[in-house]
Amino acid sequence: MYIYDSVQKIKREFIPMIKGRVSLYVCGPTVYDDAHLGHAKSALVFDLLTRVLRANSLDVTYARNITDIDDKIIKKASQQNKDIKEITDFYTDAFDKEMKAIGVNKPDIEPKATKSLDAIYELIQKLIDTNHAYKTNEGDVYFDTSSDSEYLSLSHRVQDEDDKQQRVESSQSKKNSADFALWKSVKDESLTFDSPFGKGRPGWHLECSAMIEKHLASKGTPFAIDIHGGGADLLFPHHENEAAQTRCATDHKLSNYWMHNGFVNIDGEKMSKSLGNSFFLKDALKEYDGEVLRFYLLSTHYRSNFNFNSDDLVLAKKRLDKIYRLKKRLFGLAKNTEKTEFKDQLLKVLSDDINISSALALIEEMISKTNETLDTAGKHKLLKKEAISNLDYIEEILGFGVKNAFEYFQFGVDEQKKQKIDELITLRNEAKKEKNFELSDKLRDEILSFGVSIMDTAQGTFWEKV
RNA sequence: GGUGCCAUCGCCAAGUGGUAAGGCCGCAGCCUGCAAAGCUGCUAUCCCCAGUUCAAAUCUGGGUGGCACCUCCA
C-alpha cells in the first residue's frame with residue numbers, strides 16, 4: 001500500500017504503527033446545513049480508502065467526527081427560532097441518509113463535540129499547564145503559536161511578515177496574530193458550557209485533537225493515529241492547529257500520514273450557494289441515481305480538483321452502465337469468491353495511492369474481454385464464474401454495481417410508466433412474431449417516446465432509461 | 001503581495017526516465033428483420049523554449065496559460 005502524504009509531499013509506503021491495524025480520522029461535517037458535493041467527495045474518498053485498506057487485510061478503525069458546536073449552528077437556530085439540538089439532529093440525520101444513498105459506509109466511530117467535552121477540557125488544561133496556552137482578560141483561552149517551534153511545519157507556510165505590526169494594531173489581547181482560540185468565552189448565547197475556564201464554547205480546531213485523543217489515539221506510539229484526512233482546504237489552518245495542539249499537549253505527534261482530497265468545483269467555478277441547485281447533494285440525488293454520483297465523484301483521482309458538470313456526469317453514467325450490463329448478462333448466476341488475476345491487479349492499482357483511473361481501465365478491459373468471450377462461447381461456465389467473482393469484488397471494494405441491474409436501469413421511472421412500457425413490449429413481440437415489422441417498429445417508437453431504449457436479447461426484450 | 005498546484009487526442013482522464021492506459025464522441029465493419037446492446041478495427045508524441053541523458057510527457061531552468069490557499073470552509 002502506498003499513500004501520498006500531503007505533508008511530506010511524497011508518495012510513501014504505508015506502514016501502520018501497529019502491525020495489521022490502522023487508525024484513520026477524517027474531519028467530518030459541521031451540521032448546520034445540507035451536505036454539498038464537496039462533503040460527498042471527501043466522504044467517498046475516505047470510504048474508498050477504508051475499503052482498500054481492508055482489502056489489504058488491515059484491521060481499520062475509521063473515525064469521522066460530527067461538529068455539533070459551532071457559531072454557524074447557533075446562527076441558524078436563532079434564525080429559524082429552533083433549538084440547537086433540533087438543528088444538529090436534523091442535519092446529522094440528513095447527512096446519514098445522503099451518505100447512504102451514495103454508498104458510503106458508516107465510519108466505525110462518529111464522535112460528536114458535545115459528547116467529548118471531557119476530552120476537550122483535559123486538552124486545554126494540559127496546554128495551559130505546559131505554557132502553550134494562555135487566558136486573556138476577556139476569559140478566552142488561546143493557543144500560543146510562538147511556543148511551538150514546529151508551528152507551520154505541516155502546511156509549510158512562512159511566518160507572516162506583517163505579524164508584528166498586526167499585533168500592535170490589533171485591539172485583541174492575542175499574543176501573536178496567528179494564535180487561535182481553544183476556548184471562547186461566551187455568556188449571552190444559547191449554546192454554552194460550564195468549563196474550568198468559565199462559560200463558553202470550545203474552538204473548532206481543538207475539537208478534533210481532543211476527539212482523536214479520546215476515541216482513537218494509541219498510547220506509547222510516536223503518532224496518535226496512522227492517517228488523518230480531510231479536504232485540501234483544511235490543511236491550513238485547521239490541521240496545522242490540530243497538529244500543534246496535539247504535539248504540545250501530549251507525548252506524540254498527531255498523525256503519521258496526512259491525506260487531503262481535492263476540491264469540487266461546479267462548471268468551472270468554485271462552489272457557492274448563489275450557483276443554485278447542484279450545490280447540494282440532496283438536489284443532485286433527486287436527479288441522479290446515488291450510485292451514478294458515487295461513480296462520477298470517484299472517477300478521477302482524489303487529489304485532483306474535480307469539476308462537476310452534467311456532461312461529465314452523463315459520461316460517468318455510461319461507464320457505470322457497462323458494469324451493470326455485464327451484470328445483467330450474468331444475472332441469476334451464483335455468487336462466488338474465486339481468486340482471479342483481475343482481482344489481484346485491481347487491488348494492486350488501488351493500493352497505489354488509490355489509482356482509480358487505472359482501476360477503471362482494468363475493469364473496462366475485463367468487461368470487454370468477458371463480453372467478447374460470452375459472444376463467441378456463451379456457455380463457457382468457468383468464464384462466467386470468474387466474471388461473477390470479478391463483479392462481486394468490484395462491488396465490495398469500489399461499491400459499483402451493488403444494485404439489481406434491472407432496477408438500476410429503471411431509475412426514476414414510475415410504476416405506471418413501467419407497466420405501460422411492459423404492455424407495449426408484449427404487443428411489439430407479438431407483432432414481431434407475426435413478422436409485422438411495420439407495426440413492431442411503430443410500437444418501438446412509442447416505447448422510445450417514454451425516454452427509454454430497448455434491446456432484444458436471447459433472454460427476452462429489456463428496456464433501459466436513457 | 002506570500003505559498004503551492006496544474007497544463008496529455010474534440011471531451012473526461014491515467015502514466016512521472018525506456019519509447020503515450022481506459023472511457024465518451026466520431027468513422028468503418030460483424031451481429032440484428034431493422035435497431036439497441038455487445039464485439040472488431042481506425043484516430044494524440046504529451047502548452048512553448050533551452051538544457052541534462054544512450055533515452056524525457058516524465059528531471060532542471062526560463063516563459064505562457066489556468067487554479068487554489070493565505071478569513072469560515074470538505
Side-chain angles (χ1 to χ4, degrees), chain A residues 6 9 11 26-30 32-33 35-46 64 67 70-72 75 152 155-162 178 180 204 229-238 240 260-265 268-272 281 296-297 299-307 309 311-322 325-326 328-329 349 352 355-376 378 409 431-432 435-438 440-441 444-445 447-448 452-457 461-464 466:
Chain A
S6 42
K9 299 187 182 187
K11 203 189 276 184
V26 175
C27 294
T30 300
Y32 73 101
D33 204 351
H36 58 230
L37 295 167
H39 291 110
K41 171 85 181 176
S42 175
L44 284 165
V45 164
F46 292 103
R64 185 186 60 210
T67 297
D70 189 276
D71 289 352
K72 291 191 282 284
K75 193 176 162 197
L152 299 181
S155 57
H156 309 291
R157 256 154 229 281
V158 285
Q159 197 72 45
D160 196 337
E161 293 285 328
D162 303 329
F180 52 92
W204 173 50
D233 53 331
L234 295 181
L235 180 56
F236 185 85
H238 186 53
E240 185 72 58
H260 292 93
N261 64 274
F263 259 63
V264 177
N265 296 323
E269 289 185 72
K270 189 176 170 172
M271 269 201 292
S272 74
L281 179 55
Y296 177 42
L297 286 167
S299 65
T300 66
H301 191 85
Y302 76 92
R303 273 188 279 121
S304 309
N305 282 159
F306 190 93
N307 185 30
N309 67 82
D311 288 349
D312 291 345
L313 193 139
V314 168
L315 194 154
K317 183 187 178 303
K318 286 184 180 180
R319 298 183 82 170
L320 181 59
D321 286 352
K322 291 157 81 84
R325 290 218 181 87
L326 180 60
K328 203 159 71 167
R329 215 171 165 180
V349 298
D352 181 14
N355 190 334
I356 191 72
S357 287
S358 292
L360 293 179
L362 280 172
I363 289 171
E364 278 151 359
E365 277 163 7
M366 184 277 287
I367 291 173
S368 284
K369 223 162 89 185
T370 306
N371 274 324
E372 185 193 356
T373 319
L374 249 30
D375 281 351
T376 52
F409 282 116
K432 274 179 63 179
K435 300 216 186 294
N436 185 349
F437 296 123
E438 202 179 319
S440 73
D441 285 353
R444 179 170 58 199
D445 286 345
I447 294 166
L448 262 38
V452 302
S453 67
I454 62 172
M455 42 205 68
D456 298 322
T457 76
T461 301
F462 300 110
W463 62 271
E464 294 179 0
V466 178

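In what follows, chains are A, B, ... by sequence order, proteins preceding strands, each numbered from 1. Any value given below was found using the heavy atoms of this structure, including those in side chains, with hydrogens, waters and symmetry copies removed.
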Between [X] and [Y], is there a side-chain N and carboxylate O pair less than 4.0 Å apart?
X: R329(A); Y: D375(A); answer: yes
X: E464(A); Y: R325(A); answer: yes
X: D321(A); Y: K318(A); answer: no

Tell which nucleotide pairs with [N], taking only Watson-Crick or G-U wobble pairs whose two distances are both under 3.5 angstrom.
N: rU52(B); result: none
N: rG26(B); result: rC42(B)
N: rC72(B); result: none
N: rG33(B); result: none
N: rU16(B); result: none
N: rC67(B); result: rG4(B)

Just the rounded figure in Å: distance from [atom2] of [N] to [atom1] of [X].
X: M455(A); N: rU32(B); atom1: CE; atom2: P; answer: 17 Å
X: L234(A); N: rC69(B); atom1: CG; atom2: P; answer: 12 Å
X: N265(A); N: rG66(B); atom1: CG; atom2: P; answer: 16 Å
X: L374(A); N: rU40(B); atom1: CG; atom2: P; answer: 13 Å
X: H301(A); N: rA7(B); atom1: NE2; atom2: P; answer: 12 Å
X: E364(A); N: rG38(B); atom1: CD; atom2: P; answer: 11 Å
X: I356(A); N: rA21(B); atom1: CD1; atom2: C1'; answer: 14 Å
X: K9(A); N: rU3(B); atom1: NZ; atom2: P; answer: 11 Å

Using the [atom1] atom in both, what is the distance from [N] to [M], to the nearest Å?
N: rG17(B); M: rU58(B); atom1: C1'; answer: 6 Å
N: rC46(B); M: rU8(B); atom1: C1'; answer: 4 Å
N: rA55(B); M: rU45(B); atom1: C1'; answer: 15 Å
N: rU52(B); M: rC59(B); atom1: C1'; answer: 8 Å
N: rG22(B); M: rU40(B); atom1: P; answer: 11 Å
N: rA56(B); M: rU19(B); atom1: P; answer: 12 Å
N: rA44(B); M: rG23(B); atom1: C1'; answer: 16 Å
N: rC48(B); M: rA13(B); atom1: C1'; answer: 23 Å

Donor-acceptor pair present, R325(A) side chain and rA37(B) base, under 3.5 Å: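 Result: no qualifying N/O pair found.
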
Base rG15(B) paired with N355(A) side chain (donor-acceptor, <3.5 Å):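 No.
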
Residue met sooner reading RNA chain B from 5', once K318(A) and E372(A) are mapped to nucleotides: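 This one resolves to K318(A).
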
Residue whose closest nucleotide on RNA chain B lies nearer the 5' end, F236(A) versus N261(A):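 Going by which nucleotide is closer to the 5' end, it is F236(A).
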
Residues K11(A), D352(A); criterion salt bridge (charged side-chain N to carboxylate O under 4.0 Å, His left out); working and verdict: CA-CA 9 Å; K11(A) 203 189 276 184; D352(A) 181 14; 2.8 Å; yes

Assign [X] to base, sugar-phosphate, or nothing according to its heavy-atom contacts below 4.0 angstrom with the strands shown.
X: V264(A); result: base
X: F462(A); result: nothing
X: S304(A); result: sugar-phosphate
X: E464(A); result: nothing
X: S357(A); result: base
X: G38(A); result: base
X: H260(A); result: nothing

Options rA74(B), rA13(B), rC11(B), nucleotide nearest the side-chain atoms of T300(A):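 My answer, after comparing the listed nucleotides, is rA13(B).
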
Among rG33(B), rG38(B), rG22(B), the one nearest D441(A) by side-chain distance: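 Looking only at heavy atoms from C-beta outward on D441(A), the closest nucleotide is rG33(B).
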
Look at the side-chain N and O atoms of [X] and state whether any lies under 4.0 Å from the OP1 or OP2 oxygen of [N].
X: N371(A); N: rA37(B); value: no
X: K317(A); N: rC24(B); value: no
X: R303(A); N: rC5(B); value: no
X: K322(A); N: rC24(B); value: yes
X: S368(A); N: rC39(B); value: yes

Is there a side-chain contact between [X] and [Y] in this structure, where contact means two heavy atoms from C-beta onward sitting under 4.5 Å apart?
X: R319(A); Y: L360(A); answer: yes
X: K41(A); Y: L44(A); answer: no
X: L152(A); Y: E240(A); answer: yes

R64(A) to F46(A) six-membered ring, cation-pi geometry met (6.0 Å, 45°):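 Checked: cation-pi criterion not met.
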
